[in-house]
Amino acid sequence: QTALRLGLPVFAPSTLRDDEVQRKLASLMPDVICLAAYGALLPKEVLAMPRYGCLNVHASLLPRWRGAAPIERAILAGDVETGVCVMRMEEGLDTGPYCVCRTADVEDKPASELTDELAGLGSHALLTALVHVECGADDWTQQDEDAVTYAEKIERGELDLAPSDDKVLLVRKVQASSDAHPARTVIAKRSVTVLSARRIDNDVHAKGLVEDMEPGSVRFVEKRLFVAGSDGAVEILSLKPDGKQAMD
């Protein structure tokens, strides 16, 4: 929307393999092409157009988490830190060198909050990279191929909660969830989306309330809701039953 207000051309991913669209893009004689959350590979014809290359804002600290779902995979893996890198695009999937990175602590931030934080960091990183490129001060770092990990897309139902999940995974699934990929489960024969959950390892009182729970069991006690995974229980803080509003 900002690009449109500024009168800058915006192209959808699905159109850039079209010869006519490529000719139109080439006629603009772009100095640089910028991409964020693009979700597709650029054709080599487009990659070769701008004299300063095609710059992509990628939501990870490359070479960790190349691919489609870097934020969710960082959360699920228990990464302490993540970030954004401004990368010069190549024909491969997120294989290009990077010149500016910014870091963020993952902590217990839900995916939506972490995404917003990284978007802010990424926009500033891109502006910095463009200034460096324009004045010839850009310094590109090649990715270490021995350190590469891939962030495969989140599959349908992948974040559903199950009795076989351990406590850590239950909470991480909820933390990594979103409207597109919700953390779903069934409680008392009702399908629900779990919006927020926490571990109770340091809550002595809560541990006493759930110490005899079996995997897959549910307990509502003292106005608190607990579900048990394979190695103990976690507390559900908010959820949304199907057809109802979200509730604590």
Should [X] and [Y] be regarded as members of a common hydrophobic cluster, given that ILVMFWY residues are connected when their side-chain heavy atoms come within less than 4.5 Å of each other, either directly or indirectly?
| X | Y | answer |
| --- | --- | --- |
| F220 | L170 | yes |
| L28 | V46 | yes |
| L126 | V133 | yes |
| I236 | V174 | yes |
| L35 | L16 | yes |

How far apart are the closest heavy atoms of [X] and [Y], and which atoms are they?
| X | Y | value |
| --- | --- | --- |
| D201 | K167 | OD1-NZ, 3.4 Å |
| P182 | T193 | CB-CG2, 3.7 Å |
| R64 | A77 | NH2-CB, 3.9 Å |
| A111 | A176 | CB-O, 3.7 Å |
| L55 | W140 | CD2-CH2, 3.6 Å |
| A104 | L121 | CB-CD1, 4.0 Å |

Strictly distance-based, threshold 3.5 Å: is any side-chain N or O of [X] a donor or acceptor partner for the main-chain N or O of [Y]?
| X | Y | answer |
| --- | --- | --- |
| E152 | A69 | no |
| Q175 | E107 | yes |
| K240 | K244 | yes |
| T149 | W65 | yes |
| D242 | R190 | no |
| D18 | V21 | yes |
| K173 | D160 | yes |
| D165 | A162 | yes |

Are [X] and [Y] close enough that some pair of their side-chain heavy atoms sits under 4.5 Å apart?
| X | Y | value |
| --- | --- | --- |
| C99 | H132 | no |
| T185 | V227 | no |
| M89 | I33 | no |
| E117 | K109 | yes |
| E134 | L130 | no |
| R198 | V234 | no |
| L41 | E91 | no |
| R184 | S177 | no |

**Prompt:** So among V57, L118, T128, which one has a side-chain contact (heavy atoms from CB on, under 4.5 Å) with R102?
**Reply:** T128
**Request:** With side-chain contact (heavy atoms from CB on, under 4.5 Å) as the test, would you mind laying out the steps for L159 and L76 before giving the verdict?
**Result:** CA-CA 10 Å; L159 300 183; L76 290 170; 4.1 Å; yes
Distance from [X] atom [atom1] to [Y] atom [atom2], nearest 0.5 Å?
| X | Y | atom1 | atom2 | value |
| --- | --- | --- | --- | --- |
| R219 | M213 | CZ | CE | 5.5 Å |
| R88 | T141 | CZ | OG1 | 10.5 Å |
| D79 | L61 | CG | CG | 8.5 Å |
| D94 | M87 | CG | CE | 4.5 Å |
| D203 | E235 | CG | CD | 7.0 Å |
| E113 | I71 | CD | CD1 | 12.0 Å |

**Asked** Of all residues at least two apart in sequence or in a different chain, which pass the side-chain hydrogen bond (donor to acceptor under 3.5 Å, both in side chains) check with D179?
**Response** none
With a 6.0 Å cut-off (strictly less than), is the heavy-atom count around [atom1] of [X], excluding the residue itself, greater than 12?
| X | atom1 | answer |
| --- | --- | --- |
| N202 | CG | no |
| D108 | CG | no |
| M247 | CE | yes |

**Request:** Kindly indicate, with the supporting measurements, whether the criterion salt bridge (charged side-chain N to carboxylate O under 4.0 Å, His left out) is fulfilled by R73 and E158.
**Result:** CA-CA 12 Å; R73 294 301 175 193; E158 183 179 343; 2.7 Å; yes
**Prompt:** Passes side-chain contact (heavy atoms from CB on, under 4.5 Å), D138 versus Y52? Steps please.
**Reply:** CA-CA 10 Å; D138 48 319; Y52 293 129; over 6 Å; no
**Prompt:** Going by an N to O cut-off under 4.0 Å, is there a salt bridge joining D31 and R51?
**Reply:** yes
